[in-house]
Colleague: 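Attaching a single structure in structure tokens format; questions to follow.
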Amino acid sequence: MEKSKVRVRFAPSPTGPLHMGGVRTALYNYLFAKQNGGTFILRIEDTDSTRFVPGAEDYIIEALKWCGINPDEGLDKDGHIVQSSDNNNPYGPYRQSLRKDIYKKYADKLIENGHAYYAFDSSEDLNRRREEAEAHKYTFTYNYITRKELNNSLTLSPDKTKELLETTTNWTIRFKNPEDKMIKMHDIIRGDIEMNSNTLDDKVLWKRNDELPTYHLANIVDDHLMKISHVIRGEEWLPSLPLHYMLYDAFGWTDSQPEFAHLSLLLKPTGKGKLSKRDGDKMGFPIFPLEWKAPTGEISHGYREDGYFPEAFVNIIALLGWNPGTEQEIFSLKELIDVFSLERVVKAGARFNPEKAHWFNQEYLRMKDDKTLAKEFMEMLKVKPFDNSTNEDGAKDLINNSRINDLEYITKAISLNKDRATFVKDFYNLTDFFFYAPIEYSAKTVKKFWKNEIPSHIEEIKDVIKNIETFDVETVSKTIHDYIETHEWPFGKVMNSLRLALVGASKGPDMVEILVLLGKDESIMRIERALANIKPRQTLPQS
RNA sequence: GGUGGGUUCGUCUAACGGUUAGGACUCAAGAUUUUCAUUCUUGCAAUAGGAGUUCGAUUCUCCUACCCACUACCA
């Protein structure tokens, strides 16, 4: 006997960009599917005709792609993908707007078996009742009590009902909640949950005006038709779980009802509430995987554009609300598939920590080989070249343009600075002196080192360098060290002054490494330039 | 207001009912170092509060507090 196949779905509605929390839900679905040899489905829930946002769906697809969370099945017209025996696919289409015709007959079925009824109350009527109730400090709900005095097929005569169905177009089909029934539910993450049906309201299932179902109907019908085995979704759905249980029951589908797992929400890093799309990037870090250009023209930061590696981003969100129970923190997508488990998802909401996110990216950067990073950096340089304007470190002068296109050279420059970087873009500041010679020098460093007899020492070192035949790290290092040692010069001061001459500031990796990578000629040229341009600060003789 | 969910260092989290409550990030100190980093070592720092069950409670039960979600012809 084959165990029923794992089929899970990620079902976003295209009302805006996907934020981190959404990506995490997709990721957990994906991991669960892959771990169980199952199918990960992307379904677009676009039953709200009024909230469609252009570009949102493309954004969702691209964001998942960037993360490496590839659907096995889903979409099209014309988001593509599909699959699961393509031609005779029994599950599609995957866009709810394309499934419009399916839902009505299921709503009708519920009317027939007495689990639903027609409601003719206008939204204005209902809103008025809500306001009235609010004024009296209680909440109006369309439920087992109030439905007895409202405009629906339960209170109206069959003839009147028939007439209204034919002559009006703003009626809905509502679910008829049973009275005083304890609904026992189970959640993989939270365990057993009970709720009394009396606390529920009679949700609208289908709307005549746009002939579309609401979330609840569409969701249950599609999950059933698509043979979804596990529903992994956000905690905001927990309150409607009893309704969903009852819908499965009303349709007679309890035997094939999926299991549920409700994920806790991602919280704002500061203040209150869940992380929301509205937050934008006001808090100093992105909440979206990709940059998002709203139809209004407003632009929100994205992790991708801010320089995060997709593997790092996936790792970060995977560990936000889940942990393997070991002390391992770095996981590839492949490893996550192996060790992920819904049982270890934490119940409490998680707050995102930007500092830790930096750390993750740094870890991933270090794992990448130098050439890969160099190629990525070269691509960035094509779009945004080095900035040679004056800054606190002094001014720079581009002296060897050919090196900007030299992959080997850039690779070496990067390898020397790798453990100083968090993002690839950090190499702009970290390696600029390998491409630009200083023409002005950090005043602070000049003041600190460039004084007394130092310039004359540097002059001598220049000649020493000039005479080194084999210009490699070992030889240069030994030669300079020996020279400084035999003359009993202050080692640190000389080296830092040499650094000032070559780099223009007090930064960069090992001095000898810099000399060797720059090359003998370039190094000598920079030293000469420094000797000519830096004004020595003589310390006053002690009186 | 009602219903449901949640609560361990600042943050993410670990801990068969028995641990000096562990790890990571951040921060601080020290060591190394030719700068800045890196690296290494050490440190700071938590079971929301109160009852109960138990020989023993972070863990189980109840109450309180606080937080979150839901309470739409939105998902």
Side-chain angles (χ1 to χ4, degrees), chain A residues 11-15 45-51 119 121-123 126-127 130 133-134 136-142 170-174 187 189-190 193-196 198-201 203-210 212-216 218-219 233-242 262 264-265 267 269-270 272-274 316 319-329 344 346-360 366 417-421 430 442 445 448-449 480-481 484 490-500 503 505-512:
Chain A
S13 69
T15 55
E45 309 223 331
D46 53 352
T47 53
D48 185 348
S49 44
T50 64
R51 291 210 306 164
D121 319 88
S122 69
S123 3
L126 263 17
N127 282 337
R130 285 195 185 95
E134 206 171 327
H136 292 84
K137 291 194 76 175
Y138 71 95
T139 308
F140 167 78
T141 43
Y142 207 124
N170 69 340
W171 49 269
T172 61
I173 295 177
R174 284 182 183 269
D187 181 279
I189 296 168
R190 287 153 213 281
I193 301 168
E194 285 190 3
M195 234 186 277
N196 189 295
N198 284 358
T199 64
L200 274 17
D201 61 342
K203 280 272 182 271
V204 169
L205 262 19
W206 193 83
K207 307 157 275 175
R208 171 63 177 81
N209 60 174
D210 58 8
L212 283 169
T214 60
Y215 172 86
H216 306 287
N219 196 264
R233 71 217 316 190
E235 193 182 20
E236 71 267 30
W237 293 112
L238 201 49
S240 36
L241 186 57
H262 290 88
S264 60
L265 271 8
L267 274 18
T270 53
K272 299 174 171 187
K274 67 170 176 177
I316 291 163
L319 259 57
L320 224 43
W322 171 83
N323 74 84
T326 65
E327 283 178 4
Q328 184 180 351
E329 293 198 277
R344 289 201 69 91
V346 301
K347 296 188 192 80
R351 225 175 273 276
F352 172 71
N353 183 332
E355 267 100 33
K356 187 108 188 205
H358 278 158
W359 177 80
F360 271 112
R366 288 177 185 188
N417 287 286
K418 202 174 179 180
D419 45 11
R420 284 149 217 266
L430 257 16
S442 161
T445 313
K448 193 170 175 190
F449 297 114
I480 292 180
H481 276 77
I484 292 174
F491 191 78
K493 280 181 185 155
V494 174
M495 286 308 247
N496 280 313
S497 300
L498 193 55
R499 179 182 298 279
L500 175 68
V503 175
S506 183
K507 69 169 189 179
D510 181 84
M511 203 48 243
V512 175

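As the structure is a computational prediction, the values presented were derived from the model and not from experiment. Chain identifiers are assigned alphabetically (A, B, ...) following the order of the sequence lines, protein sequences preceding nucleic acid strands; residue numbering begins at 1 within each chain.
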Colleague: For A/Met195, report the nucleic acid contact type (base, sugar-phosphate, nothing); a contact means any heavy atom under 4.0 Å.
Modeller: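 If one applies the 4.0 Å heavy-atom cut-off, A/Met195 turns out to touch the sugar-phosphate alone, with no base involved.
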Colleague: With no angle test and no hydrogens, is the base of B/G2 tied to the side chain of A/Thr139 by a donor-acceptor pair under 3.5 Å?
Modeller: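 Side chain to base: no pair below 3.5 Å.
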Colleague: Applying a 4.0 Å non-hydrogen cut-off, can you work out what A/Asn170 is touching in the nucleic acid: base, sugar-phosphate, or nothing?
Modeller: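 Base contact.
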Colleague: Could you identify the nucleotide paired to B/G4, looking across every strand shown and requiring Watson-Crick or G-U wobble geometry with both distances under 3.5 Å?
Modeller: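 The base-pairing partner of B/G4, which may sit in any strand shown, is B/C68.
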Colleague: Can you give one letter per nucleotide of nucleotides 23-32 of chain B, 5' to 3': B if a protein heavy atom sits under 4.0 Å from the base, S if only from the sugar-phosphate, - if neither?
Modeller: SBBS------
Colleague: Looking for any heavy atom pair under 4.0 Å, which part of the strands does A/Lys137 touch: base, sugar-phosphate only, or nothing?
Modeller: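 Result for A/Lys137 = nothing.
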Colleague: So A/Trp237 and A/His216, would you call those rings parallel, tilted or perpendicular, with 30° and 60° as cut-offs?
Modeller: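 Rings of A/Trp237 and A/His216: perpendicular, as their planes differ by over 60°.
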Colleague: Partner lookup for B/U61, please. Criteria are Watson-Crick or G-U wobble with both distances under 3.5 angstrom; report none if nothing qualifies.
Modeller: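 Looking at the geometry, B/U61 pairs with B/A51.
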Colleague: For B/U39, which nucleotide in any strand shown is its Watson-Crick or wobble partner with both distances under 3.5 Å?
Modeller: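 Partner of B/U39: B/A31.
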Colleague: Strictly under 3.5 Å: I want the nitrogen or oxygen pairs between protein and nucleotides 42-50 of chain B, one per line.
Modeller:
none

Colleague: Tell me whether the side-chain N or O atoms of A/Arg351 pair up with the base of B/U11 as donor and acceptor below 3.5 Å, since no angle test is needed here.
Modeller: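 Donor-acceptor pair under 3.5 Å: no.
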Colleague: Looking at every strand, decide which applies to A/Thr172 at a 4.0 Å heavy-atom threshold: base, sugar-phosphate, or nothing.
Modeller: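 Here A/Thr172 touches the bases of the nucleic acid.
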Colleague: With heavy atoms under 4.0 Å as the rule, sort A/Arg233 into base, sugar-phosphate or nothing.
Modeller: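 Result for A/Arg233 = nothing.
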Colleague: What does A/Asn198 touch in the nucleic acid at a heavy-atom separation under 4.0 angstrom: a base, only the sugar-phosphate, or nothing?
Modeller: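 No contact.
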Colleague: Both A/Phe449 and A/Lys207 contact RNA chain B. Taking the nearest nucleotide for each, which residue is further toward the 5' end?
Modeller: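 Residue closer to the 5' terminus by nearest nucleotide: A/Phe449.
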Colleague: Under 3.5 Å, which protein N or O atoms sit close to an N or O of nucleotides 57-60 of chain B? Give each pair with its distance.
Modeller:
none

Colleague: NA contact type, A/Asn209, heavy-atom cut-off 4.0 Å: base, sugar-phosphate, or nothing?
Modeller: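 Base: the residue A/Asn209, judged by heavy atoms under 4.0 Å, touches a nucleobase.
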